A.B. asks: 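This is the structure I have questions about; it appears just below.
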Amino acid sequence: MNSLDGTLRDTKTKGQLSELRKSGNVPAIVYGGKEENQKISITKKQIKNLIEKENFASDVIVLKIDGKKFNVLPREIIFDTVSDEPIHVDFLKIVSGSKINLEIPVKFI
């Protein structure tokens with residue numbers, strides 16, 4: 001099972017998000033469940049390593065935020081149109097008892 005380390009962020013403006021991206025981080029959001037959405041940041045190196053795996057969109061990831069662990073699924077990744085670098089990621093928190101629709105790639109050999 002893959003894991004990511006995230007840190008809570010308190011960014012409110014586009015300028016703050018730009019500074020976050022320049023420092024080598026990718027802003028992300030974790031939503032789902034009864035808790036409020038959490039704004040986090042993840043290092044670009046970690047997220048690029050996971051994106052390169054072919055089952056990234058359908059793989060459960062353990063996300064560690066300030067000592068707490070959450071099982072999440074990546075829902076949307078936004079890439080820069082020029083550099084093709086990830087600039088934002090949405091994660092869906094897995095809550096027991098809820099249904100989730102997944103798109104699973106199939107390769108015919």
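Quantities reported herein were computed from a predicted structural model and do not represent experimental measurements.
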A.B. asks: What are the two closest non-hydrogen atoms of Leu4 and Gln46, and how far apart are they?
C.D. replies: CD2-CB, 3.7 Å
A.B. asks: Report yes or no: do Tyr31 and Val95 belong to one cluster of Ile/Leu/Val/Met/Phe/Trp/Tyr joined by side chain heavy-atom distances under 4.5 Å?
C.D. replies: no
A.B. asks: Quick one: does Ile40's side chain get under 4.5 Å of Leu63's, heavy atoms only?
C.D. replies: yes
A.B. asks: Do Glu35 and Lys93 meet the salt-bridge criterion of a basic N to acidic O distance under 4.0 Å?
C.D. replies: yes
A.B. asks: Mark yes or no for whether Arg21, through its side chain, and His88, through its backbone, hold a donor-acceptor pair below 3.5 Å.
C.D. replies: no
A.B. asks: Answer with yes or no whether the hydrophobic clustering places Phe91 together with Leu20; edges join I, L, V, M, F, W, Y residues whose side-chain heavy atoms lie under 4.5 Å apart.
C.D. replies: no
A.B. asks: Test of understanding: clusters of I, L, V, M, F, W, Y form through side-chain heavy atoms closer than 4.5 Å, transitively. Do Ile65 and Val26 belong to the same one?
C.D. replies: yes
A.B. asks: Report whether Val30 and Ile51 are members of the same hydrophobic cluster (ILVMFWY, side-chain heavy atoms less than 4.5 Å apart, transitive linking).
C.D. replies: yes
A.B. asks: Measuring only between side-chain heavy atoms, which start at C-beta, is Lys39 closer than 4.5 Å to Pro27?
C.D. replies: no
A.B. asks: Looking at OG1 of Thr81 and CD1 of Ile87, how far apart are the two atoms once the value is rounded to the nearest 0.5 Å?
C.D. replies: 7.5 Å
A.B. asks: Kindly compute the distance separating CG (Asp90) from CD (Glu76), expressed to the nearest 0.5 Å.
C.D. replies: 5.5 Å
A.B. asks: Evaluate the side-chain proximity of Val60 to Leu73: yes if any heavy-atom separation is below 4.5 Å, no if none is.
C.D. replies: yes
A.B. asks: Could you tell me the separation between the CD1 atom of Ile61 and the CG atom of Leu92, rounded to the nearest 0.5 Å?
C.D. replies: 11.5 Å
A.B. asks: Quick check: do Asn71 and Val62 have side-chain heavy atoms less than 4.5 Å from each other?
C.D. replies: yes
A.B. asks: Exactly one of Asp59, Asn2, Val89 should register a side chain to side chain contact (heavy atoms under 4.5 Å, CB included) with Leu50. Which one does?
C.D. replies: Asn2
A.B. asks: What's the separation between atom OG in Ser41 and atom CD1 in Ile29, rounded to the nearest 0.5 Å?
C.D. replies: 12.5 Å
A.B. asks: Do Leu17 and Ile42 sit in the same hydrophobic cluster, where Ile, Leu, Val, Met, Phe, Trp and Tyr count as joined when their side-chain heavy atoms come under 4.5 Å apart?
C.D. replies: no
